[in-house]
Amino acid sequence: MVDGTKIILPMRDIETINKEKGFRMGYHGLVVVIRGHEELFFEFAKAEHRDECAISILRILESTKYIEEEQSSDGVDSEDEAAKAEHDLLQAARDTAEGDVNLPTTPVAELDRIPLIFDDPLASIVDFKPSEPLNIVCLTIGSRGDVQPYISLCKELIKEGHRPTIATHAMFEDWVKKHGIGFAPVAGDPAELMRICVQHGMFSYGFLKETNSTFRGWLDELCDTAWKACQGADVLIESPSAMVGIHIAEALKIPYFRAFTMPWTRTRAYPHAFAVGPNKMGGAWNSMTYLTIDKVFWVAIAGQMNRWRREQLKLRSTSQARMQANQRPFLYNFSPHVVPPPCDWPDWIRVTGYWFLDEADKYEPPGDLRQFIEKAQADKKKLVYIGFGSIVIQDPAALTRTIIEAVQLADVRCVLSKGWSDKWQSDKATNKAASEAEIPLPTEIFKIDAAPHDWLFKQMDAVVHHGGSGTTGASLRAGKPTIIKPFFGDQFFFATRVEDLGVGTYLKRINTKMLGKALWEATNSERMKVKARILGNKIRKENGSQVAVQTMYRELDRAKALSCRQTKRAEEGEDHFGEVDADWTLIDDEGDVQDLELPLEAMSRMHEQVTDGSEAGAATLALGGMVMSSQQQHRA
Ligand SMILES: O=c1ccn([C@@H]2O[C@H](COP(=O)(O)OP(=O)(O)O[C@H]3O[C@H](CO)[C@@H](O)[C@H](O)[C@H]3O)[C@@H](O)[C@H]2O)c(=O)[nH]1
Ligand SMILES: CC(C)[C@@H](C)/C=C/[C@@H](C)[C@H]1CC[C@H]2C3=CC=C4C[C@@H](O)CC[C@]4(C)[C@H]3CC[C@]12C
């Protein structure tokens with residue numbers, strides 16, 4: 001900074017700052033988290049300088065947030081008025097602040113108001129809507145959160161006159177059909193898929209080992225059932241976790257879209273949703289996690305996919321380079337205010353806003369739940385929700401005990417959704433279930449099975465959950481401080497997001513003291529409450545499903561061209577990519593084994609830092625062992 005200005009960063013684009021260790025011995029680090037951009041890392045030789053800088057930035061950030069809040073409570077509607085109001089308030093704030101902090105004098109509001117290119121899919125002048133109704137298949141695997149967004153999307157598609165079908169596991173059939181949406185079954189048991197993820201951590205050694213030995217058969221069935229489910233489709237929208245849709249679209253020569261609940265597209269701004277470590281690692285690292293995971297994923301399934309392509313789809317073998325997965329239009333169903341679209345994402349990658357399924361209108365809360373809520377209000381007690389979805393954990397009884405103690409420690413009332421179970425250790429299940437049944441709940445806690453979050457969270461002062469994408473959307477939409485205890489996969493990512501946005505806490509470990517403290521902060525910190533309320537206002541203005549439908553219309557040509565281009569290439573017999581058949585080699589189509597060795601090793605080291613021995617075996621990512629060993633075999 002001594003030799004002049006290197007970068008000008010609008011305060012508004014700073015989400016938060018974190019103190020961290022310096023990279024060099026004796027230095028002190030400061031990480032600036034920037035909206036939609038990789039973080040900046042500064043080093044200071046003295047801790048007090050670092051801390052002073054941190055305090056100044058935090059102070060400015062705080063005042064701008066309060067300005068926003070005042071603004072919205074004033075009911076200022078138009079952007080211009082808002083900009084002016086912000087400008088005036090900032091001036092006023094600066095006048096008072098100038099005495100102690102030496103701020104640059106350029107008005108923040110002016111720096112921030114660079115006119116945006118007109119880019120609102122809901123206000124398009126050109127109508128991209130196709131003239132004929134379409135058969136649209138949405139292919140997804142996983143749990144409730146992987147299916148529910150598509151129900152919302154399909155309801156929107158029905159309004160538009162299309163005929164949507166959701167292709168997913170049989171257990172969701174009635175729920176899907178109840179909404180008037182077509183259903184087609186695909187192979188797989190959600191509980192079983194979730195079990196391997198929680199038990200091993202995504203892409204860990206154990207994960208790859210178990211999926212490699214026991215999930216091959218399932219993958220064959222998935223290919224077969226998904227292929228049947230997609231017959232007659234005019235458009236395919238697929239969650240990339242389902243793996244097979246991209247090939248099906250190629251065989252059917254239909255437009256292919258990806259849609260997902262978590263980041264899956266290379267960027268320097270965030271690490272891959274399955275590679276979120278305890279520290280911010282910088283843009284180069286973030287970017288690399290996508291390359292590595294994409295590659296490991298593909299190498300693991302390439303042989304099977306290519307066999308299936310040749311035998312059932314009558315297509316030639318393919319490769320990562322040929323598939324061009326990153327060129328495909330992508331609809332991300334989370335809010336741009338929760339996960340700001342990275343600056344380095346191309347415009348066919350769209351963050352649409354959450355695809356919410358509203359259920360509050362039709363919900364009649366049971367009388368005793370209503371009474372419990374009213375009593376808490378009458379007693380002037382804060383009310384929190386605690387629930388981790390239908391997560392599978394090792395010791396459910398211990399978790400229940402921790403929650404009881406923490407609730408009492410924070411002196412709050414609690415609505416508890418006790419969906420967790422120990423299904424992952426079927427042999428011990430009976431013992432555990434028996435011991436758990438003995439834990440009686442105190443009167444501060446009211447147990448429920450399930451309730452629509454769009455109704456329930458409105459009644460709460462704070463919400464504690466597992467950080468599933470949709471549940472995070474629900475609690476933030478309600479404007480409530482959100483405490484996340486992640487168990488696997490993308491949940492670590494959403495926990496980090498919530499903490500960076502200042503609207504909640506990432507609970508790294510779950511014990512009485514930490515949960516109790518987090519509960520107290522979430523129900524008492526004005527700062528957190530205001531930030532959460534502002535974010536809620538923003539999310540409630542979005543309409544993700546509508547944006548998604550309009551974006552789909554706009555990108556139909558691209559989506560189709562890319563599917564057909566694949567076939568054309570194959571027919572042309574362009575074959576310099578070679579064919580990948582062995583499932584566990586890292587000698588892939590580009591032959592770049594060396595490129596992977598380093599990142600894999602680094603990622604497996606990250607795993608050592610991340611694992612905290614908590615009950616869920618919370619490893620996010622551990623590549624290496626499995627792949628490395630097969631690599632060595634290959635070389636030998
Ligand atoms: O009693 C309930 C339980 C759930 N919900 C809603 O159901 C949806 C669940 O969504 P989400 O949290 O995304 O789903 P899960 O199935 O719990 O989570 C899995 O799916 C998510 C989406 O891929 C991932 O982000 C998670 O890591 C993974 O565990 C949300 O809208 C919730 O608000 C309710 O309304 N009431
Ligand atoms: C060797 C092959 C068979 C390996 C690589 C395949 C592993 C499968 C079982 C893994 C790969 C990606 C995983 C996956 C990705 C994302 C999600 C979304 C989450 O909300 C539920 C779990 C779910 C759906 C899991 C389930 C298990 C999957 C599908």
Side-chain angles (χ1 to χ4, degrees), residues 140-152 168-169 172 175 187-198 200 202-203 207-223 239-244 259-264 273-274 293 296-305 333-334 354-360 363 385 387-392 415-420 448-457 463 465-478 484 486-495 583-584 616 620 623 626-627:
T140 181
I141 61 165
S143 52
R144 174 174 177 169
D146 296 293
V147 179
Q148 183 162 324
Y150 287 109
I151 295 187
S152 161
T168 192
H169 315 297
F172 297 116
W175 183 37
D189 170 10
E192 187 60 9
L193 291 175
M194 190 139 85
R195 181 191 58 80
I196 36 157
C197 298
V198 182
H200 299 296
M202 297 304 267
F203 289 94
F207 176 86
L208 289 173
K209 194 169 162 200
E210 196 187 332
T211 52
N212 188 35
S213 58
T214 54
F215 280 74
R216 295 278 170 206
W218 164 72
L219 192 52
D220 283 337
E221 284 170 34
L222 179 66
C223 289
S239 294
S241 47
M243 299 174 276
V244 299
F260 216 16
T261 51
M262 61 189 90
W264 205 260
F274 293 163
I293 290 181
V296 170
F297 212 158
W298 173 243
V299 168
I301 63 172
Q304 228 171 327
M305 289 296 119
N333 51 34
F334 39 67
Y354 290 103
W355 304 348
F356 285 119
L357 182 65
D358 293 321
E359 295 174 305
Y363 179 69
Y385 165 89
F388 304 107
S390 47
I391 210 85
V392 247
V415 173
L416 180 66
S417 169
K418 234 168 110 299
W420 56 86
I448 58 166
D449 288 331
H453 289 164
D454 52 335
W455 175 82
L456 187 63
F457 291 171
V463 175
H465 56 69
H466 62 308
S469 176
T471 310
T472 307
S475 66
L476 297 180
R477 178 204 209 184
I484 293 181
F487 292 86
F488 76 89
D490 59 325
Q491 297 162 6
F492 298 88
F493 171 75
F494 288 107
D583 280 315
W584 289 107
T620 41
L623 300 163
M626 184 69 172
V627 188

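Small disclaimer: the values here were computed from a predicted structure and weren't measured. Order of listing sets the numbers, starting from 1, for every ligand and every atom in it. Values below: every heavy atom of this structure, side chains too, minus hydrogens, waters and symmetry copies.
Across D220, D146, T211, heavy-atom proximity to atom 20 (O) of ligand 2 is greatest for D146. Atom 14 (C) of ligand 2 has its nearest heavy-atom neighbour, among M194, E210, R195, M202, in M202. Of all the listed residues (P190, A451, P486, P452), A451 holds the heavy atom that lies closest to atom 36 (N) of ligand 1. Of the candidates G142, S475, G145, A478, G145 brings a heavy atom nearest to atom 10 (O) of ligand 1.
Counting only heavy atoms of the protein, atom 8 (C) of ligand 1 lies nearest to Q148 OE1, 3.5 Å. For atom 32 (C) of ligand 1, the nearest protein heavy atom (residue, atom name, distance) is H453 ND1, 3.0 Å. Ranking protein heavy atoms by distance to atom 16 (O) of ligand 1, first place goes to S143 OG, 2.7 Å. When hydrogens are left out, the protein atom nearest atom 22 (C) of ligand 1 is T261 OG1, 3.4 Å; that is the closest non-hydrogen contact. Distance from atom 12 (O) of ligand 1 to its nearest protein heavy atom, with residue and atom name: T471 OG1, 2.5 Å. In terms of protein heavy-atom proximity, atom 23 (O) of ligand 1 is closest to D146 OD1, 2.6 Å. Considering only non-hydrogen protein atoms, atom 7 (O) of ligand 1 sits nearest to R144 NE, 3.0 Å. The nearest protein atom to atom 13 (O) of ligand 1, hydrogens excluded, is given as G470 N, 2.7 Å; this is a heavy-atom distance.
Against a heavy-atom cut-off of under 4.0 Å, I141 is close to the following atoms of ligand 2: 24 (C), 29 (C). For ligand 1 and A450, the ligand atoms under 4.0 Å from any heavy atom of the residue are 1 (O). Of all the atoms in ligand 2, the ones that sit under 4.0 Å from a non-hydrogen atom of R216 are 1 (C). Listed by atom number, the atoms of ligand 2 under 4.0 Å from F207 heavy atoms are 10 (C). Under a 4.0 Å criterion applied to the non-hydrogen atoms of G468, ligand 1 contributes the atoms 12 (O), 13 (O), 25 (O), 26 (C). Those atoms of ligand 2 with a heavy atom of F274 less than 4.0 angstrom away are 15 (C), 16 (C). Atom numbering of ligand 2 starts at 1 in the shown order; those under 4.0 Å from a heavy atom of S241 are 15 (C), 16 (C), 29 (C). Per-residue contacts place A474 under 4.0 angstrom from the following atoms of ligand 1 (heavy atoms of the residue considered): 33 (O). Those atoms of ligand 1 that come under 4.0 Å of a heavy atom in F488, given as number and element, are 29 (O). Here is the list of ligand 1 atoms found below 4.0 Å of a heavy atom in Q491: 26 (C), 27 (O), 28 (C), 29 (O). For ligand 2, the atoms closer than 4.0 angstrom to any heavy atom of F297 are 11 (C), 12 (C). Atoms of ligand 2 found under 4.0 Å from any heavy atom of G142, numbered from 1 in the order shown, are 24 (C).
No donor-acceptor distance shorter than 3.5 angstrom exists from the side chain of D490 to the backbone of A273, with no hydrogens or angles considered. For the pair S143 (side chain) and P190 (backbone), a donor-acceptor distance under 3.5 Å is absent.
A salt bridge does not link D189 to R195: none of the charged side-chain nitrogens sits closer than 4.0 Å to a carboxylate oxygen.
Of all the heavy atoms of D490, the ones lying under 4.0 Å from any atom of ligand 1 belong exclusively to the side chain.
Taking CD1 from I293 and CH2 from W264, the interatomic distance works out to 7.5 Å, rounded to the nearest 0.5 Å. Atom CG of D146 and atom CE of M262 lie 6.0 Å apart (nearest 0.5 Å). With rounding to the nearest 0.5 Å, the separation of CZ in F494 from OG1 in T261 is 6.0 Å. The distance from the CZ atom of F297 to the CG atom of L208 is 10.0 Å, given to the nearest 0.5 Å.
Annotation for S239 and Y150: closest pair OG-OH, 2.8 Å, computed over non-hydrogen atoms. Summarising the geometry of T168 relative to I141, their closest heavy-atom pair is OG1-CA, 4.2 Å, with the distance given to 0.1 Å. Annotation for C223 and M305: closest pair SG-CE, 3.8 Å, computed over non-hydrogen atoms. Here the shortest heavy-atom pairing between D449 and S417 reads O-OG, 3.2 Å.
A donor atom on one side chain and an acceptor atom on the other are not found under 3.5 Å apart for S152 and Y354.
Ligand 1 is approached by H466 to a heavy-atom distance shorter than 4.0 Å.
Between H453 and Y385, the two ring planes are perpendicular [angle over 60°; tilted spans 30° to 60°]. Between H169 and F172, the angle of the ring planes lies from 30° to 60°, which puts this pair in the tilted group.
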Practice task
Go through the steps for T472 and F334 under the test side chain to side chain contact (heavy atoms under 4.5 Å, CB included), then give the verdict.
Solution key: CA-CA 9 Å; T472 307; F334 39 67; over 6 Å; no
